[in-house]
Amino acid sequence: MQQDEELKDMLRDLIWLNALIATELIQITENTSGILRRAPPPESCIAEHVALRATALDIADRYRPGTMLRQHVEKHS
């Protein structure tokens, strides 16, 4: 029983960590695109990134609610 709980906690942590990595990678991609283009990314990409971030944040909140991830990501520009 204890081992099952430890496994569940580990999986929750890994899911949350992957959501963190996903949101940061989206931001890095936007920043890199802006640098290379010397202009903001296309609006279509930005809209898609917003939707992808929202999905990643929903997943993160489902498995580890109450972290600073959502607050942090919402500050990205």
Side-chain angles (χ1 to χ4, degrees):
M1 245 358 183
Q2 178 66 20
Q3 189 176 19
D4 287 345
E5 284 305 310
E6 288 176 9
L7 181 59
K8 286 178 184 178
D9 285 341
M10 180 184 67
L11 290 173
R12 284 184 192 102
D13 289 342
L14 290 172
I15 290 167
W16 183 87
L17 187 58
N18 279 324
L20 167 65
I21 292 166
T23 60
E24 292 300 306
L25 186 56
I26 292 167
Q27 190 62 45
I28 290 167
T29 301
E30 281 186 8
N31 293 346
T32 302
S33 174
I35 291 166
L36 293 174
R37 293 171 181 269
R38 294 190 173 127
E43 284 299 318
S44 61
C45 287
I46 291 174
E48 290 168 0
H49 291 170
V50 167
L52 292 168
R53 275 190 201 98
T55 300
L57 289 172
D58 288 344
I59 292 168
D61 287 343
R62 186 177 318 132
Y63 292 99
R64 284 283 178 232
T67 68
M68 295 290 296
L69 181 58
R70 186 172 292 276
Q71 290 172 297
H72 171 76
V73 170
E74 289 173 348
K75 293 178 186 174
H76 282 175
S77 58

Please name all residues satisfying side chain to side chain donor-acceptor pair (under 3.5 Å) with [X], sequence neighbours left out, ordered by chain then number.
{"X": "Asp58", "value": "Arg70"}
{"X": "Gln3", "value": "none"}
{"X": "Glu6", "value": "Gln2"}
{"X": "Arg37", "value": "Ser33"}

inquiry  = I want to check something: taking the side chain as every heavy atom from C-beta on, are Leu7 and Met10 in contact at a cut-off of under 4.5 Å?
reply    = yes
Which distance, rounded to the nearest 0.5 Å, do you find between the [atom1] of [X] and the [atom2] of [Y]?
{"X": "Leu20", "Y": "Ile15", "atom1": "CG", "atom2": "CD1", "result": "14.0 Å"}
{"X": "His72", "Y": "Glu24", "atom1": "NE2", "atom2": "CD", "result": "4.0 Å"}
{"X": "Leu17", "Y": "Arg64", "atom1": "CG", "atom2": "CZ", "result": "11.5 Å"}
{"X": "Leu14", "Y": "Ile21", "atom1": "CG", "atom2": "CD1", "result": "9.0 Å"}
{"X": "Leu52", "Y": "Leu57", "atom1": "CG", "atom2": "CG", "result": "11.0 Å"}
{"X": "Leu69", "Y": "Glu74", "atom1": "CG", "atom2": "CD", "result": "9.5 Å"}

ask   = Which heavy atom in Ala56 sits nearest to a heavy atom in Thr23, and how many Å separate them?
value = CB-CG2, 3.8 Å
note = Residues Arg53 and Ile26: closest non-hydrogen pair is NH2-CG2, 3.5 Å
task = Tell me, please, which residues at least two apart from Arg12 pass salt bridge (charged side-chain N to carboxylate O under 4.0 Å, His left out).
result = Asp9
remark   = Here the ring pair (Phe, Tyr, Trp, His ring centres under 6.0 Å) pairs for residues 10-64, sequence neighbours left out, are none
